[in-house]
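Below is one structure, written out as structure tokens; comments come after it.
Being a predicted model, the structure only gives us computed values, none of them experimental. Lettering follows sequence order; numbering is per chain, from 1.
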2 protein chains.
Amino acid sequence: MPTACADCPLRCQPMFQPMNAGEVAFMQAFKSSEVEVAAGQVLLWEGQSSPWLYTVLRGQGLRSKSLPDGERQVVNFVFPGDFLGLQSGVMGEMKHSVEATTDMTLCRFERNELWRVFRDQPARAFDLTYLAATEEHFLGEALLTLGQRDATSRLAWALLRLWRRAVATGMQGPRGVPLPWRQRDLADALGLSLVHTNKTLARLRILGAAHWSGGYLAVPDPARLAELAQEEDGASTPRPLF
Amino acid sequence: MPTACADCPLRCQPMFQPMNAGEVAFMQAFKSSEVEVAAGQVLLWEGQSSPWLYTVLRGQGLRSKSLPDGERQVVNFVFPGDFLGLQSGVMGEMKHSVEATTDMTLCRFERNELWRVFRDQPARAFDLTYLAATEEHFLGEALLTLGQRDATSRLAWALLRLWRRAVATGMQGPRGVPLPWRQRDLADALGLSLVHTNKTLARLRILGAAHWSGGYLAVPDPARLAELAQEEDGASTPRPLF
DNA sequence: CGGGCAATTGAACAATGTCAAATTTTGTGG
DNA sequence: CCACAAAATTTGACATTGTTCAATTGCCCG
């Protein structure tokens with residue numbers, strides 16, 4: 001039995017904006033089904049159009065692009081609450097692939113229905129634009145990171161970001177937060193070689209800034225990590241959940 | 001006397017989608033004024049909210065972000081037809097700065113009126129989302145470039161992109177297309193040092209792939225440049241002009 | 001117990017960054 | 001139009017970060 005939007009376990013998390021009853025009802029009607037995908041599955045293919053859009057209900061994944069010669073760039077990591085397929089929805093095709101890293105549960109929407117959001121729900125359309133702007137913001141930060149930070153700062157920045165996002169999504173447990181990706185994925189996200197990524201992670205571990213092993217990330221002192229990342233720590237504002 | 005939207009010199013360029021009469025009329029009403037800014041002026045400040053949004057009518061500029069220690073990342077270059085300030089419009093503050101590289105002419109809109117677009121003009125709201133998705137797409141490409149391409153490919157990629165955009169905007173002249181930025185700006189955009197950028201540009205010149213001097217860029221053989229950039233050359237689809 | 005992927009480590013090497021100085025171009029005032 | 005100052009480009013020598021190669025170890029799962 002699919003999760004009812006009224007009972008959405010994500011919307012009550014502090015990182016998401018509240019939604020009024022009318023909006024919840026609209027989302028419920030807009031949601032066409034709920035699907036499970038296994039770890040390793042590709043949900044959306046770079047260059048392809050998709051008849052569906054998704055919101056992540058459970059699980060983690062990653063977005064990536066490739067060069068003709070096969071080099072891969074991880075563009076972002078996917079968490080519960082993320083909206084997938086907007087590019088395909090508005091531009092006609094995806095500009096990156098999305099794959100599941102863990103098993104995932106997704107709320108599925110029909111692309112054909114997207115225009116109804118703009119026609120009938122201006123506030124929700126605004127939120128969609130907000131989400132696109134948020135992604136743009138993130139990619140700008142990532143670009144700044146690859147362009148101007150050294151390897152240690154890059155890793156610190158990435159781990160801090162993953163940490164904060166996981167915590168804000170309510171994923172923190174006794175062993176820290178789940179980080180199901182491989183060192184290769186982090187390396188491909190940060191434009192570093194696997195070997196250098198490994199050695200730099202060891203350094204962060206020795207510094208006591210971040211311990212990532214066994215699929216879990218522990219950050220004993222986020223402020224220390226933020227310092228290494230050359231980040232000022234500001235509380236992030238809640239964003240819409242679609 | 002400000003340019004009337006009906007006579008907009010940009011909309012007839014091939015890179016922009018056509019607009020129907022009703023939309024032109026709406027844009028005309030939405031446009032609150034036309035402003036001139038001098039080269040070097042900052043239009044929008046990172047971290048600040050802005051009461052205005054802009055469309056570039058004439059001139060070039062750049063978007064950039066900074067690290068606390070002062071390192072600068074150029075996030076994109078600005079051309080006629082670009083929409084500025086959307087982040088501030090939807091998220092409340094700019095996540096990067098925008099400055100004029102040459103003198104510019106801008107169509108100015110009131111941020112307070114933005115909600116009217118979503119309420120009254122769903123098709124235009126859709127276009128706004130499209131623009132945000134386009135920017136997201138570009139930043140993903142840039143991230144791929146910084147993460148996976150070497151210096152030569154990065155420069156080739158950047159020059160090819162600037163070339164194509166300038167040509168599609170109708171800026172090609174006998175000396176090539178205007179490229180009013182400094183080597184420092186390119187270096188800051190690509191995460192390379194100024195010196196290395198300079199030497200790599202010299203290499204591209206010797207290879208006959210791109211000649212940039214005196215503020216103009218000439219590309220005798222775009223296919224050659226695309227090859228160096230590891231890019232497959234596809235025709236880009238027209239995008240909305242706001 | 002064995003196979004395979006992921007993580008780890010060391011050593012040699014290459015790409016790119018830094019420093020410093022010369023040269024060219026650009027802008028400005030007279 | 002010229003002279004001068006400031007900014008941008010160019011070049012060479014050298015330092016460093018990060019990459020590549022190669023081998024080893026650890027771990028999960030059948």
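- Across the interface with DNA chain C, nearest-nucleotide mapping of B/T197 and B/R182 shows B/T197 to be the residue nearer the 5′ end.
- Sorted by residue number, the list of members of residues 67-79 of chain A with any non-hydrogen atom under 4.0 Å from DNA chain D is empty.
- Distance, A/H196 NE2 to C/dA15 C1': 13 Å, rounded to whole Å.
- Remark: side-chain polar atoms of A/Q148 are paired, donor with acceptor, to backbone N or O of B/R72 under 3.5 angstrom.
- In this structure, the CG atom of A/L186 is 13 Å from the C1' atom of C/dA7, given to the nearest Å.
- At distances below 3.5 Å, at least one donor-acceptor pair connects side-chain atoms of A/R154 with backbone N or O atoms of A/R149.
- Contact annotation for A/L201: no contact, since no heavy-atom pair falls under 4.0 Å across all strands.
- Between the side chains of A/S33 and A/R108, at least one donor-acceptor pair of N or O atoms lies under 3.5 Å.
- Bounding nucleotides for the chain A contact on DNA chain D, 5' to 3', at a heavy-atom distance below 4.0 Å, are D/dG18 to D/dC21.
- A/W163 contributes no side-chain N or O that, together with a main-chain N or O of A/V219, makes up a donor-acceptor pair within less than 3.5 Å.
- Neither side chain, A/E93 nor A/S88, offers a donor N or O lying under 3.5 Å from an acceptor on the other.
- Taking side-chain N and O atoms only, A/N198 has a distance below 4.0 Å to OP1 or OP2 of C/dT8.
- Heavy atoms of A/L194 sit nowhere under 4.0 angstrom from any nucleic acid atom.
- Of the possible polar contacts, one joining the A/T102 side chain to the A/Q60 backbone as a donor-acceptor pair under 3.5 Å is found.
- Of the possible polar contacts, one joining the B/T55 side chain to the B/F242 backbone as a donor-acceptor pair under 3.5 Å is found.
- If you take CZ of B/R203 and P of C/dT16, they are 8 Å apart, rounded to a whole angstrom.
- The separation between A/R184 atom CZ and C/dT8 atom P is 14 Å, rounded to whole Å.
- In this structure a side-chain-to-backbone donor-acceptor pair under 3.5 Å is missing from A/S50 to A/L44.
- The separation between A/Q148 atom CD and C/dT16 atom P is 15 Å, rounded to whole Å.
- Atom CD in A/Q183 sits about 13 Å away from atom C1' in C/dC5, given to the nearest Å.
- Regarding contacts with the backbone of C/dT8, a side-chain N or O of A/R205 is found under 4.0 angstrom from either OP1 or OP2.
- Rounded to an integer number of Å, the gap from CZ of A/R149 to P of C/dG17 is 17 Å.
- Within the nucleic acid shown, A/G191 comes within 4.0 Å of sugar-phosphate atoms alone, with no base atom in reach, counting heavy atoms only.
- Counting distance only, with no hydrogens placed and no angle test, the side-chain atoms of B/K199 and the base atoms of C/dG17 include no donor-acceptor pair under 3.5 Å.
- Annotation: the span from B/M171 atom CE to B/R58 atom CZ amounts to 10.0 Å, rounded to 0.5 Å.
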